[in-house]
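First up is the structure itself, then whatever we jot down about it.
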Amino acid sequence: MEHIRTTKVEQVKLLDRFSTSNKSLTGTLYLTATHLLFIDSHQKETWILHHHIALVEKLALTTSGCPLVIQCKNFRTVHFIVPRERDCHDIYNSLLQLSKQAKYEDLYAFSYNPKQNDSERLRGWQLVDLAEEYKRMGVPNSNWQLSDANRDYKICETYPRELYVPRIASKPIIVGSSKFRSKGRFPVLSYYHQNKEAAICRCSQPLSGFSARCLEDEHLLQAISKANPANRYMYVMDTRPRHRMQSWWATQKDIGRIILNAMANRAAGKGYENEDNYSNIRFQFVGIENIHVMRSSLQKLLEVNGTKGLSVSDFYSGLENAGWLRHIKAVMDAAIFLAKAIMVENASVLVHCSDGWDRTSQVCSLGSLLLDPYYRTIRGFMVLIEKDWISFGHKYSERCGHLDGDPKEVSPVFTQFLECVWHLTEQFPQAFEFNEAFLLQIHEHIHSCQFGNFIGNCQKEREELKLKEKTYSLWPFLLDDQEKYVNPLYSSTSQKPAVLEPNTVAFHFKFWRNMYHQFDRTLHPRQSVFNIIMNMNEQNKQLQKDVKDLESQIKQHKNKQTDGVLTKELLNSVRPESPALKTSLCLKEQTLLPVNDALRTIEGSNPADNRYSEYADEFSKAEPAVVSSEYGVARMTC
Amino acid sequence: MEFSELIRTGQAQAELLRGPEMPPLRGTLCVTGHHLLLSPGPQATPDLWLLLLRSVDSIEKRVAGDAGTITLRCKDLRVLQLDIEGVEATLDIARSIEALSSLESVITSFPFFYRPKGLRLGEAWHFHPPERYYKRIARETWSSPLPVPQTRAWRLSEANEDFSLCPSYPRAVIVPRAVDDDALARSARFRQGGRFPVLSYYHAPRGTVLLRSSQPLTGRQKLRCAEDEELLRAVLAEARPGARGFIVDTRSAQAAKQARMTGGGTEAKAAYPGWKRLHRPLERGRPLQESFVRLMEACGDPEQSMDRWLSRLDGCRWLSHVKEALSTACLAAQGMEWEGACILVHGAEGTDSTLLVTSLAQLILDPLSRTMAGFQELIEREWIQAGHPFQLRCAHSAFSHTRPKHEAPIFLLFLDCVWQLGRQFPLSLEFGEGMLLALFDHSYASPFGTFLCNSEKERPVSALDPST
């Protein structure tokens, strides 16, 4: 509270980011403890959470006032013009303070109170149960068991307490292997494919240096390989680009040649598995770049799409220079390789990168998404994020910059994962139970710090913060609003080939407008097929309800009638009953017809089919005859 | 001429590879006058596969051992590979296909032989004669709420009955009532190819009109033509007293000036009061064709990396052309809707980018043209009857090795623009992507005669409607 100097500024202008005519809205700006609020003259409210603010800039003073540009982590950019410079300065300073908190306890999640009692909160946290999930996969079984080695975070601080390892791997082997791996992240099970008996495992890079080898680590890999009876060999996927590793090796060797051995040993100590030491293992490199490359790539992308009046060729060359889509494709290719290794070759795969919490999480989770239809449901997707990202220690707080920390640790790794999922939904519109809005909402909340799920860097830290007692879980809130996130085209039955095989030819990758221009209303199409389908679904449900009501009414009437027949014999008083019955019958027939109709179109579940029926309305409505012109280049797709 | 002269080998054993997702097809290959047939052996399913020879764009043959391979690249952008047994047979078939696919004469083409069941010749022709469109305009002008001089401002002129005024216009065109046929004739002499300004679309809600023409032949001496000026003045006078007009020139100002050297030019500002000239350069002709070829090359390479794809997409500039076309059409539409101005669109000849702009503007303004029937009418009226030279423009597609002379995928550009509109307004178009694709296929090679010939004048000459 002590940071807020001005709580209310009037006559503030909000500029439209892409309009060429400098359109603007005038309104009042409010500053609260958690939000920045702008209410324009039409009473439309724009809320910006302080945690979402990535960058505040005060531009040079102009004649109309002092411009203030705020860039958010959810890719919203707002441009205010504050009439008085002092107000602008106050707001600027307050926002600078408020958007960068130094302590976890100052984050919004610790003060957010959605009016739930403790038991509801607890139930919310228990919604996603990972032990249950491993049971669903079919572990523990004869080959895999739950290990209690990390029960007290003794072996690895960034892993969860419960880890699944091959049954034949004894505790000394695990301990030995963890000493050989960076940050103690030894190979553990991430996903188990029940039918193929193959597993996806994950770990961090070995500290192999020059010639160091670790027998325990070799044993553990053997054990993973043997836990898959169907195949003799297994894959080790190093998700880093090979040329980097080779140049790294080369420098290591040079150092070794020049400097004394002892010195070199200290300098060295990281790398990849020496192929000679591991038998029956195939090594595979997939070139996913590191977090720093990704961060600057996204930065470039945002610069390109923030440009006003972009020409088509500038857009494409900018997109190319940013290299963002190339990175997306690399992640996707890695996941496809993973899925193929399991489905086609029946081989287990061990995935690692440097530390095993960024690229490894991406590849493991996407791979499981391709393999298992369960993860493509709303609930399953939550489980997947909880398992591969949260529990295995993806450093959300550092990667999303929740606290005022090292800017070099910030990187859009999770955003990239969501974008890969979005590309899959584009290629397989029927395979996912959730829609784009669901992905956007999750992206919103990894930065918002409104819920406790994404706070902290690993499970140990979360327990120390007592998140489960002090904050709320996001998932029950998403499930409450489920109808907003349901994909109307989803059909669980049409998933005959349960494994998705996406095509990664270059032109399948396109710019995700709804993510990067989510808040630039003028750039979006003004008609939405999705809304129409949802409305029709809604209507359909209503009509079905009507039918049920009427049918039950008929039953009642019939009962009455039979009663009446009984009584007629006694009382001869059935006549007043019949007219009512007739009308209700007529009613029933009338309503039934449209219901059948609607049912048929829905079962087609094809947007094109449904669309035609809408045209009659569409044209009879006073639709503005002019489909006027907004040419955001982002909308040009090929 | 007999087709049999061109067919060297009628039959051969062959295997067809249709891309990675379909299984190869084995059977006997047959070359007929218009088709390539492949019938699988009797034991296989009776799945007869056939290809219209006219749609073959380029052909490549390769011989290895005693078998040969022919790669056919079709105008509808399919790529097919035929493995044929026997070297002699391969060469013969390749030669036959080459000869048959590049027949020049219209009369021998397949639409003259195609007789689909259930359709009688000549029946479905003239679905949308100009008279019908005139009736609609007349109705709209009558019912228009605007003041009296508005009504009955346009008439159907049959000055072009024998195509003497303009060989590329239809017989009947819609012109202002105040201008008589003699004036039209003189105006036609002043415009390139005789394409004097005619009405293309009447925007009833605002009472504004969209006209199209070709460039005026001002030449170096800056000639003027009183009748042409009178015609355009009449347009403005009838729209609304004091109405303004815009002339959208689809060339750059530079190019328009250069055109004076060859006798063309633009309207002088002083001679046409009330009209304002705007230049919106749209690419046409060879650059467009090259852009299309480059686009197809980029699409045909599945192994390329992400960056390479983006730079090639950027390099071919196809999407820039799409954007330019759409924004020019939007400019015209906005002028008509918001500013209440009349628009005259012309380029050099008025048969390519002019039509692109006028038809897109109508699609944007007129909900009726976004229906299935309305869109067909639009194409019939704005492209076929308005004299887009389909025969010349669509002779070859992206894979042809011959030097492009008149080819330009301007109609494809139009279809692409429509598709982009459909992406932005998914609920506004009654027809889907399939319709656009079918139109594209048929404009290049078709069993129907709709897109044959270059203008209305040529069509009766080759007797299209009684025989296709």
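Every chain is numbered from 1, with letters handed out A, B, ... down the list of sequences.
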* To do: Count the heavy atoms of every other residue, nucleotide or ligand shown that sit under 6.0 Å from CD of A:Glu501, and state whether that count exceeds 12.
  => no

* Could you name each residue pair satisfying salt bridge (charged side-chain N to carboxylate O under 4.0 Å, His left out) that touches residues 329-338 of chain A, not counting sequence neighbours? => A:Lys329-A:Asp333

* Identify the two heavy atoms, one from A:Ser313 and one from B:Ser320, that lie closest to each other, and give their separation to 0.1 Å. => N-OG, 4.3 Å

* **For the student: nearest non-hydrogen atoms of A:Val312 and B:Lys323, plus distance** => CG2-CD, 3.2 Å

* With rounding to the nearest 0.5 Å, note down the distance linking CZ in A:Phe315 to CG in B:Leu310. => 8.5 Å

* **Nearest-0.5 Å distance that lies between atom OG in B:Ser311 and atom CG in A:Asn321** => 9.5 Å

